[in-house]
Amino acid sequence: FSDLASLIRELVIITDYTRAAYGYVMAAGHMASLTTMLNMLSTAAFFNPVAGASVEANNAAIPALTGIPVADILMAEWRNQV
């Protein structure tokens, strides 16, 4: 079970980085469920939260989603292109 426990710990850590990678879009609920994600993708021609999110909005989303302190964000390279 020690290998399984290590795997579970690593998977939990990975979820923090995954949530942080989607930043504002995730924090705003655009990816809260499959339905909201499909809605976001289907309306992207009119409203695209990925391309419209600022660096500041994405950086503010990281601590909200992961608990990682703002002081620990050393380098973030957000590319607002799809």
Side-chain angles (χ1 to χ4, degrees):
F1 289 111
S2 67
D3 290 336
L4 179 60
S6 296
L7 175 63
I8 291 171
R9 260 192 314 278
E10 288 182 28
L11 290 173
V12 169
I13 291 168
I14 289 169
T15 60
D16 280 345
Y17 287 97
T18 303
R19 287 190 302 257
Y22 285 97
Y24 166 78
V25 175
M26 190 92 159
H30 296 291
M31 295 180 70
S33 68
L34 185 56
T35 303
T36 58
M37 186 181 82
L38 291 173
N39 184 47
M40 177 189 70
L41 294 173
S42 68
T43 60
F46 307 106
F47 170 70
N48 189 336
V50 175
S54 67
V55 171
E56 294 80 12
N58 281 318
N59 285 344
I62 291 174
L65 293 169
T66 66
I68 296 170
V70 175
D72 288 352
I73 302 172
L74 303 178
M75 188 172 120
E77 293 185 32
W78 297 102
R79 291 184 176 85
N80 293 343
Q81 301 170 353
V82 273

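The first residue in the sequence is number 1, and the count goes up from there. Atoms considered below: every heavy atom in the structure, side chains included; atoms not considered: hydrogens, waters and symmetry mates.
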State the CG-CZ distance between Leu7 and Arg9, to the nearest 0.5 angstrom. 10.0 Å
Using distance only, find each side-chain donor-acceptor pair of residues 26-35 under 3.5 Å and give its atom names and separation, not counting sequence neighbours.
{"from": "Ser33", "atom 1": "OG", "to": "Thr35", "atom 2": "N", "distance (Å)": "3.4"}
{"from": "Ser33", "atom 1": "OG", "to": "Thr36", "atom 2": "N", "distance (Å)": "3.2"}
{"from": "Ser33", "atom 1": "OG", "to": "Thr36", "atom 2": "OG1", "distance (Å)": "3.4"}

Residues in side chain to side chain contact (heavy atoms under 4.5 Å, CB included) contact with Ala57, at least two apart in sequence or another chain: Tyr24, Ser54
same_hphob_cluster(Val70, Ile68) at 4.5 Å side-chain heavy-atom cutoff: no
